[in-house]
Trainee: 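Here it is: the structure, laid out below.
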Amino acid sequence: MYGWIYRHLPGPTLVRVPLAVLLALAVVALLFFVVFPAVEPFVPLNDVTIQR
Amino acid sequence: MVGAADGDQAGECQADLQTDLGLAGRVPRQADPPAGKPGQRAPLTATGPLPPMSTAGGPWPTAPAPTIPDRAGPPAPGAPGRGGPAALDETCPPAAGGERRTWRGPSGGTIVRGTGELLITLGLVVALFLAYELWITDIFQARTQSRLHNRLAATWAVPARPAAPAPPPPAPPLHPALGAGFAVLHIPRLGAGYAPVVVEGVGAEQLQEGPGHYPGTAMPGQIGNFVVSGHRTTYGKPFNRLDELRPGDPLVVEISDRYFVYRMTRSEVVAPTRLDVTYPVPEQLGKTPTSAVMTMTTCNPKYSAKTRLIVFGTLDKTVMKAPGVGVPFEPAEG
């Protein structure tokens with residue numbers, strides 16, 4: 001999977017490595033700002049209130 | 001026979017190389033060595049058969065290889081070092097040997113590796129989620145809190161006159177909107193820098209901003225129960241160390257013009273459904289309150305939602321704000 005992605009990045013190594021890093025950062029940002037906030041309510045870490 | 005086989009192999013090898021490198025038609029090529037004359041260039045179609053498994057657009061990158069010298073021909077005078085017959089000999093045998101350079105769909109190894117990578121990725125995502133909950137949410141909350149503090153500071157003007165000696169005027173009515181900050185909580189036991197802004201509401205969004213006040217329960221200083229919930233392990237973890245409080249510890253609630261000094265009376269661990277701790281008289285249904293009390297709730301044990309840690313307090317006194325007078329930080333007893 002990772003090999004496949006790397007092979008399909010354009011350009012020489014000097015271009016591919018920053019591209020790969022950017023891609024990884026984009027995935028992390030997507031997780032932090034979209035996926036994790038959406039998943040969070042289902043995790044009991046944040047249940048602090050008293051309710052029925 | 002041996003010579004012919006050799007020639008076939010060489011032909012395969014070169015054809016394979018050419019198709020794999022995408023250089024067919026560009027690279028000068030020689031006819032079958034046993035049959036052809038040395039040095040004569042022949043088109044690709046005139047040579048031996050292509051290897052059966054060779055595909056035109058293989059998965060290998062089309063590396064820029066300028067020229068590949070003929071196997072039987074004399075080495076080109078200006079050719080790079082790797083282009084000699086020795087280099088060809090290095091690259092040819094695996095190709096001539098057959099299947100390693102040809103692609104025929106995902107093999108068992110590919111599937112195993114892909115599954116392994118997927119599992120490692122899943123593990124990384126879970127680790128990232130933990131990092132997000134434990135540290136990144138703190139950053140979010142710190143930014144929100146600083147915004148709330150600025151907003152309160154803009155609306156709370158420090159009174160210019162000295163504290164009135166007479167009985168203090170009634171506290172200004174508080175009607176904060178959902179999610180708005182309206183008070184600052186100081187707990188000397190948890191450090192002088194401990195000052196989260198309490199917001200109205202206990203929904204997920206409000207609790208991400210700071211400790212949340214249960215709408216409908218008493219406001220700070222009012223007769224009744226001032227109930228606040230806060231995160232224990234995430235989003236700035238304002239109530240992380242609530243278990244360290246001891247009876248008698250001051251719990252100071254600051255509003256625009258005064259401080260309400262509550263004192264902790266006791267703590268309790270209860271089931272998450274014990275709504276009675278939020279009653280005007282905690283744990284006593286239907287009683288009319290006669291004093292101002294305070295209840296703080298958070299999850300317990302840490303990193304769990306199994307039970308709730310409840311801390312109760314009773315209003316001890318009210319201190320008016322005055323120039324040069326800070327938070328009434330009395331040393332905690334005990």
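Remember, it's a predicted structure, so these values are computed and weren't measured experimentally. Note on naming: letters A, B, ... go to the chains in the order of the sequence lines (proteins, then strands), and numbering restarts at 1 for each one.
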Trainee: So what's closer than 4.5 Å to chain A heavy atoms on B:Thr110: side chain, backbone, both or neither?
Mentor: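 Neither part; nothing is under 4.5 Å.
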Trainee: Let me confirm one number: the CG-CZ distance from B:Asp138 to B:Phe140, rounded to the nearest 0.5 Å.
Mentor: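 Between atom CG of B:Asp138 and atom CZ of B:Phe140 there are 10.5 Å.
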Trainee: So does B:Gln284 have more than 12 non-hydrogen atoms from other groups sitting under 6.0 Å from CD?
Mentor: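 Counting neighbours around CD of B:Gln284, more than 12 heavy atoms of other residues, nucleotides or ligands fall under 6.0 Å, so yes.
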Trainee: Give, as side chain, backbone, both or neither, the part of B:Ile136 having an atom under 4.5 angstrom from any heavy atom of chain A.
Mentor: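 The side chain, not the backbone.
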Trainee: Taking side chain as everything from C-beta outward and backbone as N, CA, C, O, which of these in B:Val227 sits under 4.5 Å from a heavy atom of chain A? Side chain, backbone, both or neither.
Mentor: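 No part of it gets close to chain A.
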Trainee: Donor-acceptor pair, B:His213 side chain versus B:Ala218 backbone, under 3.5 Å?
Mentor: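 Yes, the answer is positive, given that a donor and an acceptor are paired below the 3.5 Å cut-off.
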Trainee: Under 4.5 Å heavy-atom distance to chain B, tell me which part of A:Val35 shows up: side chain, backbone, both or neither.
Mentor: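 Contact with chain B is absent: no heavy atom of A:Val35 under 4.5 Å.
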Trainee: Backbone N or O of B:Val269 within a donor-acceptor pair of the B:Thr307 side chain at under 3.5 Å?
Mentor: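 It does not hold such a pair.
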Trainee: If we define contacts as heavy-atom pairs under 4.5 Å, which of B:Val202, B:Leu128, B:Thr137 has the most with chain A?
Mentor: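 Max contact count across the listed options: B:Leu128.
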Trainee: Taking the side chain as everything from C-beta on, heavy atoms only, tell me whether A:Tyr2 gets closer than 4.5 Å to B:Thr121.
Mentor: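 Of all side-chain heavy-atom pairs linking B:Thr121 with A:Tyr2, at least one is under 4.5 Å.
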Trainee: With distance as the sole test, does A:Arg16 use its side chain to make a donor-acceptor pair with the main-chain N or O of A:Tyr6 at under 3.5 Å?
Mentor: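 Yes.
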Trainee: Quick one: what part of B:Ala131 sits under 4.5 Å from any heavy atom of chain A, side chain, backbone, both or neither?
Mentor: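 Neither part.
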Trainee: For B:Thr233, is it the side chain, the backbone, both or neither that has a heavy atom under 4.5 Å from a heavy atom of chain A?
Mentor: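 Side chain only.
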Trainee: Could you look at B:Glu117 and say if it's the side chain, the backbone, both or neither that has a heavy atom under 4.5 Å from chain A?
Mentor: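 Both parts, backbone and side chain.
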Trainee: Measuring heavy-atom distances to chain A, does B:Leu309 have an atom under 4.5 Å in its side chain, in its backbone, in both, or in neither?
Mentor: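 When you check distances to chain A, no heavy atom of B:Leu309 falls under 4.5 Å.
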Trainee: Who wins among B:Arg232, B:Glu133, B:Arg113 for the most heavy-atom pairs under 4.5 Å with chain A?
Mentor: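 Max contact count across the listed options: B:Glu133.
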Trainee: What part of B:Ile310 lies closer than 4.5 angstrom to a heavy atom of chain A: side chain, backbone, both or neither?
Mentor: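 Looking at B:Ile310, just its side chain touches chain A.
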Trainee: Between B:Ser304, B:Ala204, B:Gly230, B:Gly212, which shows the greatest number of heavy-atom pairs under 4.5 Å with chain A?
Mentor: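 Heavy-atom pairs under 4.5 Å are most numerous for B:Gly230.
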Trainee: Please test B:Phe239 against B:His231 for ring-ring contact (aromatic ring centres under 6.0 Å, His included), starting from the C-alpha separation and ending with a verdict.
Mentor: CA-CA 6 Å; B:Phe239 283 4; B:His231 279 303; 9.6 Å; no
Trainee: Look only at the side chain of B:Asn300 and the backbone of A:Val48, and say whether a donor-acceptor pair between them is shorter than 3.5 Å.
Mentor: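 No.
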Trainee: Pick one of side chain, backbone, both or neither for B:Val125, based on which atoms fall under 4.5 Å of a heavy atom in chain A.
Mentor: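 Both parts, backbone and side chain.
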Trainee: Within the 4.5 Å heavy-atom criterion, are B:Lys302 and B:Lys237 side-chain neighbours or not?
Mentor: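 In short, these two side chains do not touch, never coming nearer than 4.5 Å.
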